[in-house]
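Just so it is clear, the structure is predicted and the values come from calculations on it, not from any experiment. Letters go in sequence order (proteins before strands), and every chain restarts at 1.
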Protein chains: 2
Amino acid sequence: MKIKVAATQMKITWDIENNIKKAKEMVIECAKNGANIVLLQELFKTPYFCQTEDYKHFDLAEEVETSKFIEEFQEVAKENRVVIPLSFFEKAGNNYFNSVAFIDADGTNLGIYRKTHIPTGTCYEEKFYFSPGDTGFKVFNTKFGRVGLGICWDQWFPETARCLALMGAEILLFPTAIGSEPILPTDSMKHWQNVMRGHAAANIIPVVASNRVGTEIQDNSSMTFYGSSFISNPEGEIIGSLNREEEGYLISEFDLTEINKKRRYWGVFRDRRPEMYDAIMHLDGKRK
Amino acid sequence: MKIKVAATQMKITWDIENNIKKAKEMVIECAKNGANIVLLQELFKTPYFCQTEDYKHFDLAEEVETSKFIEEFQEVAKENRVVIPLSFFEKAGNNYFNSVAFIDADGTNLGIYRKTHIPTGTCYEEKFYFSPGDTGFKVFNTKFGRVGLGICWDQWFPETARCLALMGAEILLFPTAIGSEPILPTDSMKHWQNVMRGHAAANIIPVVASNRVGTEIQDNSSMTFYGSSFISNPEGEIIGSLNREEEGYLISEFDLTEINKKRRYWGVFRDRRPEMYDAIMHLDGKRK
């Protein structure tokens, strides 16, 4: 089966209606250009509010059952026959999660994935807002292939990609919000890409990352997101990417049948030795 | 602590004495140029005999206790004050392994690591010769840092690098023999580099790979090893590499103290969630 997947990136403001409008237009344009799966960036409904710790932002969260936002994108998915993994701030009981509603190309909500790995640190204060996800990794059986997805920080962990590949994913998606590091003297863009290119190469699977772009100011803080959304082939080579400033999208086609053959021929799943991997099951690499 | 590490690559023939001589000269030259750790390629004592399945090659194996080969390189290590992870074909009881004797800079043999992941397939018939290693991954506490090592095929598995990093490795080494794929229409060189660059980036650790170079003919079979030995920084960027044909070496310096800080600051070990990684402990990703 051949599929076309789109990586996208947009600037976001506190004009929420406009953010939603832009995202919808982006999806529709990608669909018109043949995309079967459109990956929008992380938490695009609002600016990246985790830049600072402020209780008022908890009001932005929404419950799956009553979310008009999810419903609207279910309609867009159905009308344009595209898969849309929809990143949103989820309220569930007394807990708050950084979640994705996985919308199939017929508009069905296939389920919710809650971000497993939650970062914290200057400008990325996510542990203040989100509980670590309790759903576990999920592979969604869509009209256009079995799709695995991690949310932003999840992308830094080889375990995310490996678990999803072992669970049968044929393509990996990573909605993202990453940019400046105000107190670390580093530009992480290449580092960020290299980790995910490694996931692609090690698991012989295409990887798509959509990142936020633009500068956002919140209270006395400012962040510039570095875009650089990209698509990697199953050998870890970047076959298309956007720059650090533009809004836009790019589309690549993959033949999942051919890639599944390549994954089988290469033998890296045949030769795994789980009995030797105990260190991975412990934070400090040691059985207590 | 600052260390200098050398990646090397050589052509090999059935003139075993000459192979050993070349390897010793390479180590000595690297040491003269400041290297503290010299990584030689996989099984450099002989041509890559696994190109075909032939019982006579089992005679090449040697026991650790009586190996003159290991002893010789212990002397070279001591005389030149360099760490030498020495790849060799090991006989142990009735079993045969693809092993490394880890020789410290004072000539001490710190221990044996036996290759965990064993490939098979046209020209890489290792399952015919070697049992899958039974030592588990090992980190060696050398005079020049805590060194983790995987042997060739091990390098394709994110689990190898992750386990070694969790066990405290500060640098990862991969002696290798890889080249042509006679029946697969692929050149795996970039793919091979991208997987290891991913290990470096995800674990925030330098990675060094030394690969064989040259064409070797055995019976009716022929292989060309693609060299391309390289050193990656902890962000997954290649900071030095050799080409596909030359014999030679390259040396890079790393400040392990600074890298350890970077690893701590970035938080990717702090935020791991082993309770979510069960799929990794099963071949098919599922608990039976």
Taking side chain as everything from C-beta outward and backbone as N, CA, C, O, which of these in [X] sits under 4.5 Å from a heavy atom of chain A? Side chain, backbone, both or neither.
X: B/I118; answer: backbone
X: B/T186; answer: side chain
X: B/N233; answer: neither
X: B/P234; answer: backbone
X: B/K262; answer: neither
X: B/I204; answer: side chain
X: B/E181; answer: side chain

Under a 4.5 Å heavy-atom cut-off, does chain B meet the side chain of A/F269, its backbone, both or neither?
->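 Just its backbone gets close to chain B.
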[atom1]-[atom2] distance between [X] and [Y], expressed to the nearest 0.5 angstrom:
X: A/Y277; Y: B/T160; atom1: OH; atom2: OG1; value: 6.0 Å
X: A/K261; Y: B/L184; atom1: NZ; atom2: CG; value: 12.5 Å
X: A/K190; Y: B/R197; atom1: NZ; atom2: CZ; value: 8.0 Å
X: B/H117; Y: A/R270; atom1: NE2; atom2: CZ; value: 11.5 Å

### Query
If you measure only the distance, is there a donor-acceptor pair under 3.5 Å linking the side chains of B/E235 and A/N194?
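No donor-acceptor contact under 3.5 Å links the two side chains.
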Who wins among [options] for the most heavy-atom pairs under 4.5 Å with chain B?
options: A/M276, A/R162, A/E275; answer: A/R162
options: A/G236, A/G121, A/A165; answer: A/G236
options: A/I280, A/D278, A/V195; answer: A/I280

Checking B/R273 side chain against A/T116 main chain: does a donor-acceptor pair fall under 3.5 Å?
->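 Yes, the answer is positive, given that a donor and an acceptor are paired below the 3.5 Å cut-off.
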Ignoring hydrogens and angles, tell me if any N or O in the side chain of A/H191 forms a donor-acceptor pair with the backbone of B/A201 under 3.5 Å.
->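 Yes; at least one donor-acceptor contact below 3.5 Å.
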Self-check item: Aromatic ring pairing A/W156/B/W266, orientation class (parallel under 30°, perpendicular over 60°, tilted between)
Solution: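 Perpendicular.
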Which pair of heavy atoms, one from B/W153 and one from A/D271, lies closest together, and at what distance?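 Nearest heavy atoms, B/W153 then A/D271: NE1-OD2, 2.9 Å.
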Exercise. State plainly whether the residues A/R272 and B/E159 are in salt-bridge range, i.e. N to O under 4.0 Å.
Key: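 The answer is yes: the pair qualifies as a salt bridge.
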Using a 4.5 angstrom heavy-atom cutoff, name the option from B/L166, B/N203, B/D134, B/I183 with the most pairs to chain A.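 With the most close heavy-atom pairs to chain A, the winner is B/L166.
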